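Each remark here refers to the structure printed beneath this line.
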2 protein chains.
Amino acid sequence: MTEAVSRPTLEAVAARAGVSRATVSRVVNGGDGVREPLVERVRRAVEELGYVPNQAARSLVTRRHDAVAVVIAEPETRVFADPFFALQLRGISKELTAHDSQLVLLLTEGPEDHARVGRYLAGGHVDGALVFSLHLDDPLPGLIRGAGVPTVFGGRPGWGDGPRGDGPTVYVDCDNRGGARDAVRHLVALGRTRVAHITGPLDQTSAVDRLDGFRDVMVDADPRLIVEGDFTPAGGERAMRVLLDRCPEVDAVFAANDLSACGALRVLRERGRRVPEDVAVIGFDDMLPVAEGADPPLTTVRQDIEEMGRLMARLLLRGLDRRGRDEAGSTAPGKALGGAPSSLVLPTTLVRRASA
Amino acid sequence: MTEAVSRPTLEAVAARAGVSRATVSRVVNGGDGVREPLVERVRRAVEELGYVPNQAARSLVTRRHDAVAVVIAEPETRVFADPFFALQLRGISKELTAHDSQLVLLLTEGPEDHARVGRYLAGGHVDGALVFSLHLDDPLPGLIRGAGVPTVFGGRPGWGDGPRGDGPTVYVDCDNRGGARDAVRHLVALGRTRVAHITGPLDQTSAVDRLDGFRDVMVDADPRLIVEGDFTPAGGERAMRVLLDRCPEVDAVFAANDLSACGALRVLRERGRRVPEDVAVIGFDDMLPVAEGADPPLTTVRQDIEEMGRLMARLLLRGLDRRGRDEAGSTAPGKALGGAPSSLVLPTTLVRRASA
DNA sequence: ACCCGGTCCGGGAGCGCTCTCAGGGCGGCC
DNA sequence: GGCCGCCCTGAGAGCGCTCCCGGACCGGGT
């Protein structure tokens, strides 16, 4: 069994290149202030020995880890089973990789895990955190702010945009409200007059924002045309049934996500309503397998999930850089130059397919 | 900006508790061989100061990291966008958490990333690796074996079960072949005689194994009833069209996964075939939103994805333990006792819904 | 010829932890 | 009562790296 041979150290490389440890270190970390021939010699020695720096030793002194935690608070299975996080992770991973940072994934399974995550973050094992927390009453974000770790949130957190504690809350989200407005406007432009809304769970800001967008357009909507769903197909079915019972003449539905739109679609079919002739349907997310695979294919609001992930990572890394520089040198003006990281809201686009 | 106050060290705790560094260390790491009153004092000091061990310092000397890498080779977007990995990750995460290990996620975006992953793994930053590599020709597994890191694969790797290089290849997979057999037998039991198969991409072992299972039952199947798909709904549609054109009297379809089954369903509906009356359809995976949401709901073969993840992690950790013990003490018989980790193949179950 | 500034390299301390080893205390047994 | 041995604790070295600082060396100005 290939016993892990002790890997070469800086010392070994130094010996082989005939220089000091310090010089090798300099070369490995960029090579500033070392003359070319030496750089070359060291590089070769590194190559020949297959030297890889020991991250633990390095962190011990630099207090940097080149790693960020991604925290996904996931009370319900459902949430995680949709491709949302996968895409987000992809975006994050790409950006982190480009900056030689590692991605440490922390999934929480319930309240008992919160303490664990808090401890880990407070333990200073990572340079920063990217946090996905969906529910308004989630204690996790608070814990994390307490840990004093630079953090960027995925999705607008529940407590609003204002500063709280130290520094502003930084998040990346898509324009849920604007996207919803676009969807509803489209339905109106189609000549629909009885436009209903199947919401998401209203303890999540994304659901609330989409509802607000709906209301922005349907300013005096019949309250009976708004039914709370839960982002699942089953919830969409239930809501659609309620809707049809309450108000059989409904001629359009804006569902807060694609999954519930699918449920609605099924009920409509079952009840003999044609889509889009009798009832037009629009979803949200543009989850491809779902939206494209629906019958009929779903008109929906697209958000660029992967891009959101990428931007979260970028924001965090930029903040870390700034922080590093600030500590080191100039006092104030870094802010004016690099710009303090602030939240980002990405635009959405309406994707027209057959359902509306 | 809450400047990260320098966190308390072992030394500080020792001072506060009025003992030596070594004693605190012992307590923190289990407390064996320290008398109760002292343990208590130290515990209190730890609590009061909010001491968290510095993992970097610890790794530096122990050469353990309490972290494992999860490598997901992901040439195609599609693969990652299905909930498969999400569930797997969940299982892995749970198991690792229970053993106080961290999960470092490495996603590869193409060949240029392979070197990076290889370097990282060889760099000894993690104790082991869990690797998902789907394609037969993927060079990544080779690289990883080269890195000399304990590894467990997700899904049977392409090179078969035999030993290769050092030590046997350890993997966790579901019984693709057996599950396929069950599905096809069910169709036969239903009285269907012209049973077709839409395969997955045949450069993946899971697709090959499912095809083998199909053939096990349909020993002399008309080769025209086997069409290659690609695990996507679109691929399923294409395959189904081919099938109907070639052989209109087909009365059952076993699709290699739920997604392609959905595509097939759509084409069947479009061509006016009733499911299951005219054509029975079975999928594979039991991806809930897809299978349950299909019209009609899909009969399919379930595999416990989360459990597979959990078992991968368990296998790896067990291997690490064993390794640690072997190095430390007794020479050989550890193998007989703990049992060398060997591959695991989980059973599947047929879930009957409406489509067959 | 001397000094001064700048550039480049090496020596050495120390990051926070674990682990070995030696020593102190105490009970048991002759 | 004396001695042996065991259990517990503390001292100290050192993991591999970074970074500060001092020394060597070079060139130009006086």
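The model shown is predicted, which means the values in this text are computed figures rather than measured ones. Per chain, numbering begins at 1; letters A, B, ... match sequence-line order.
Between the CG atom of Asn54(B) and the C1' atom of dG16(D) there is a distance of 14 Å, rounded to whole Å. To the nearest angstrom, P of dT18(D) lies 5 Å from CZ of Arg58(A). Atom P of nucleotide dC9(C) and atom CZ of Arg41(A) are separated by 10 Å, given to the nearest angstrom. To the nearest angstrom, P of dT18(D) lies 14 Å from CG of Asp32(A). In this entry the distance linking CZ of Arg35(B) with C1' of dG25(C) reads 8 Å, nearest Å. Leu60(A) has its CG atom 12 Å from the P atom of dG16(D), to the nearest Å. The distance between atom CG of Asn29(A) and atom P of dT18(D), rounded to the nearest whole Å, is 5 Å. Rounding to whole angstrom units, CZ of residue Arg21(A) and C1' of dC20(D) are separated by 13 Å.
If you check dG16(C), dG12(C), dG10(D) against the side chain of Ser20(B), the one that comes closest is dG10(D). Set against dC19(C), dG16(D), dT18(D), the side chain of Ala22(B) has dC19(C) as its closest nucleotide. Relative to the side chain of Val19(A), the nucleotides dG16(C), dG10(C), dG16(D) differ in distance, and dG10(C) lies closest. Nearest nucleotide to the Thr23(B) side chain, out of dG12(C), dT9(D), dC17(C): dT9(D).
Within 3.5 Å, no donor on the side chain of Arg26(B) pairs with an acceptor on the base of dT18(C), nor the reverse.
For the pair Thr97(B) and Leu103(B), the minimum side-chain heavy-atom distance is 4.5 Å or more.
The 12-atom threshold is not exceeded at CD of Glu47(B), counting heavy atoms of other residues, nucleotides or ligands nearer than 6.0 Å.
In this structure, CG in Leu121(A) is found 6.5 Å from OG1 in Thr151(A), a value given to the nearest 0.5 Å.
Projected onto DNA chain D by closest heavy-atom contact, Gly18(B) and Val61(B) fall at different nucleotides, the more 5' of which corresponds to Gly18(B).
A salt bridge is absent between Arg26(B) and Asp32(B): the closest approach of a Lys/Arg side-chain nitrogen to an acidic carboxylate oxygen does not fall below 4.0 angstrom.
With Arg90(A) as the partner, the salt bridge (charged side-chain N to carboxylate O under 4.0 Å, His left out) test is satisfied by one option alone out of Glu95(A), Glu307(A), Glu306(A): Glu306(A).
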